[in-house]
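In what follows, a single structure is set out as structure tokens and then discussed.
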Amino acid sequence: MKDIRSIVRGAGAYLPARTMTNKDLTKIVDTDDEWIVQRTGIRERHIAAEGEYTSDIATAAARAAIENAGLTPADIDLIVLATATPDYTFPATAVTVQERLGIEQGTAFDLHAVCSGFVFAVTTADNYLRCGKFKRALVIGAETFSRILDWNDRTTCVLFGDGGGAIVLEAVDVAEAHGRGVLASRLRSDGRHRDKLFVDGGPSTTQTAGHLRMEGKEVFRHAVSLLSDVIEGTLDDAGVSADAVDWFVPHQANQRIISATAKKFGWPDEKVVSTVGQHGNTSAASIPLALDVAIRDGRIKQGDLVMIEALGGGFTWGAALIRW
Ligand code: UT7
């Protein structure tokens with residue numbers, strides 16, 4: 001078998017037009033800007049318009065990524081869409097995106113690992129590409145968490161937002177990759193934690209979509225050590241030291257989790273891409289949304305070493321190291 005690397009060809013993102021500030025939330029639940037900013041770092045989030053679905057957000061992000069890669073939809077033969085808020089129970093939202101992009105070749109499927117979805121999707125696509133099954137993969141994280149929030153529950157509704165981001169991964173001969181590509185990744189899950197962050201509905205149980213429920217303090221308590229563990233493992237697998245990492249692009253759930261994790265690896269604020277203030281927690285979309293911001297403002301450049309990580313419902317968690 002040829003030695004293949006999955007390199008990043010392009011990236012893109014999409015945010016719904018409507019923003020909701022912390023002040024707007026004070027009209028809905030008993031909360032205040034100071035509490036939300038101090039405990040989470042979140043200042044505002046985007047909320048999908050009525051009739052705007054996860055597939056619309058994913059398709060817009062995918063189009064931007066394909067264009068940024070200098071490709072056309074005809075070049076894509078794999079779509080992996082990470083989402084916990086699909087349009088429908090089935091078919092997979094990925095096939096709607098496939099149809100909307102006019103892609104008739106290859107395959108498309110959804111991947112469900114909640115907030116860790118993008119890291120799982122990158123790893124899944126990378127494995128398919130490296131085994132020679134597909135040539136170019138669209139890896140998307142897209143969510144409409146506003147639809148599964150209990151807007152009477154101040155402990156959760158202030159935390160989340162909607163949006164989507166995507167990257168295009170391409171299989172190239174390792175000799176032509178010039179060191180670029182997905183270098184290593186680690187994925188974990190532990191179902192013993194599944195009742196700490198879950199949705200209380202579903203087709204097989206309640207026949208409803210349900211609402212998000214979270215024991216925030218419990219999730220927080222585990223987050224930094226579990227994330228540090230997979231980051232360390234990923235660095236080890238790649239044979240790279242923490243100092244060599246140029247950009248830390250974590251899941252955007254809470255600024256305190258982001259800062260504490262970065263501190264463990266000696267990454268200063270200047271190396272940390274944080275968008276939690278503007279986007280809130282957009283689950284599987286948060287990493288590709290943050291990547292897009294840092295690419296467009298000139299921080300992440302070709303050849304940079306980028307560490308992504310996330311933890312979410314399940315728990316699921318993981319990290320991946322990419323030479324951009
Ligand atoms: O993406 C998936 C992974 N998710 C996460 O990583 C989330 C992890 N958890 C967290 O980020 C934090 O635990 C939260 C931001 C959710 C909560 O922060 P905390 O420092 O753990 O606060 P807490 O839950 O201990 O609540 C402290 C107080 C409580 O009042 P009492 O019981 O001390 O009187 C809450 O009732 O803050 C109160 N509170 C609020 N006050 C104003 C909870 N939510 C709010 C609110 N506004 N929105």
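Counting starts at 1 for both ligands and their atoms, following the listed order.
No more than 12 heavy atoms of other residues, nucleotides or ligands sit less than 6.0 Å from atom CZ of Arg43. Summarising the local packing, CD of Glu67 is surrounded by 12 or fewer heavy atoms from other residues, nucleotides or ligands at distances under 6.0 Å. By the 6.0 Å contact criterion, OH on Tyr128 is open, its count of non-hydrogen atoms from other residues, nucleotides or ligands being 12 or less.
Here the CD1 atom belonging to Ile231 is positioned 4.5 Å from the CZ atom belonging to Phe248, to the nearest 0.5 angstrom.
Backbone and side-chain nitrogen or oxygen atoms of Asp32 are examined, and none is located within less than 3.5 angstrom of a nitrogen or oxygen of ligand 1. Considering both main-chain and side-chain atoms, Gly216 comes within under 3.5 Å of ligand 1 through a nitrogen or oxygen pair.
For atom 46 (C) of ligand 1, the closest heavy atom belonging to the protein is Thr31 OG1, 3.3 Å. Scanning the protein for heavy atoms near atom 37 (O) of ligand 1, the closest one is Trp35 NE1, 3.0 Å. In this structure, the protein non-hydrogen atom closest to atom 23 (P) of ligand 1 is Lys217 NZ, 4.0 Å. Looking from atom 30 (O) of ligand 1 to the surrounding protein, the closest heavy atom is Arg154 NH2, 4.6 Å. In terms of protein heavy-atom proximity, atom 2 (C) of ligand 1 is nearest to Cys115 SG, 3.4 Å. Atom 27 (C) of ligand 1 has Arg39 NH1, 3.5 Å as its closest protein atom, hydrogens excluded (heavy atom only). Ranking the protein heavy atoms by distance from atom 11 (O) of ligand 1 puts Asn254 ND2, 2.7 Å first.
Each of Asp162, Asp56, Thr54 was scored for a side-chain hydrogen bond (donor to acceptor under 3.5 Å, both in side chains) with Thr144, with one residue passing: Thr54. Evaluated for a ring pair (Phe, Tyr, Trp, His ring centres under 6.0 Å) with His193, the options Phe315, Trp317, Phe198 yield exactly one hit, Phe315.
Residue-ligand proximity: Thr156 is placed with every non-hydrogen atom at 4.0 Å or more from ligand 1. Close to ligand 1: Asn281, with a non-hydrogen atom less than 4.0 angstrom away. The closest approach between a heavy atom of Leu159 and any atom of ligand 1 is below 4.0 Å.
Residue-level proximity to ligand 1 for Leu197 is carried by the side chain, the only part with a heavy atom below 4.0 angstrom. Proximity of Ile257 to ligand 1, defined as any heavy-atom pair under 4.0 Å, is confined to the side chain (atoms from C-beta onward). Contacts with ligand 1 closer than 4.0 Å are made by heavy atoms of both the backbone and the side chain of Thr155. Proximity of Thr40 to ligand 1, defined as any heavy-atom pair under 4.0 Å, is confined to the side chain (atoms from C-beta onward).
Protein heavy atoms come within 4.0 Å of atom 25 (O) of ligand 1. Contact annotation for atom 32 (O) of ligand 1: protein absent (non-hydrogen atoms, distance under 4.0 Å). For atom 39 (N) of ligand 1, the nearest protein heavy atom lies closer than 4.0 Å.
Looking only at atom types and distance, the side chain of Asp304 has no donor-acceptor partner in the side chain of Trp324 under 3.5 Å away. Remark: the Asp153 side chain and the Thr155 side chain contain an N/O donor-acceptor pair separated by less than 3.5 Å. Neither side chain, Asn127 nor Thr124, offers a donor N or O lying under 3.5 Å from an acceptor on the other.
Among residue pairs with one or both ends in residues 279-298, those qualifying as salt bridge (charged side-chain N to carboxylate O under 4.0 Å, His left out) are Asp292-Arg296, Asp297-Arg299; sequence neighbours excluded.
Between Ala285 and Glu143 the shortest heavy-atom distance is N-CG, 4.1 Å.
Considering each of Asp33, Val219, Val224, the one bringing a non-hydrogen atom nearest atom 3 (C) of ligand 1 is Val219. Around atom 7 (C) of ligand 1, the closest heavy atom drawn from Lys196, Arg256, Met214 belongs to Met214.
Contact check on Asp237 versus Arg186 returns a salt bridge, with a Lys/Arg side-chain nitrogen under 4.0 Å from an Asp/Glu carboxylate oxygen.
Between Leu212 and Phe145 the shortest side-chain heavy-atom distance falls below 4.5 Å.
In summary, the atoms of ligand 1 found under 4.0 Å from a heavy atom of Val158, numbered by their order in the structure, are 48 (N). For ligand 1 and Ala253, the ligand atoms under 4.0 Å from any heavy atom of the residue are 1 (O), 5 (C), 6 (O).
Although no hydrogens or angles enter the test, the distance criterion places no donor-acceptor pair under 3.5 Å between the side chain of Asp150 and the main chain of Arg213.
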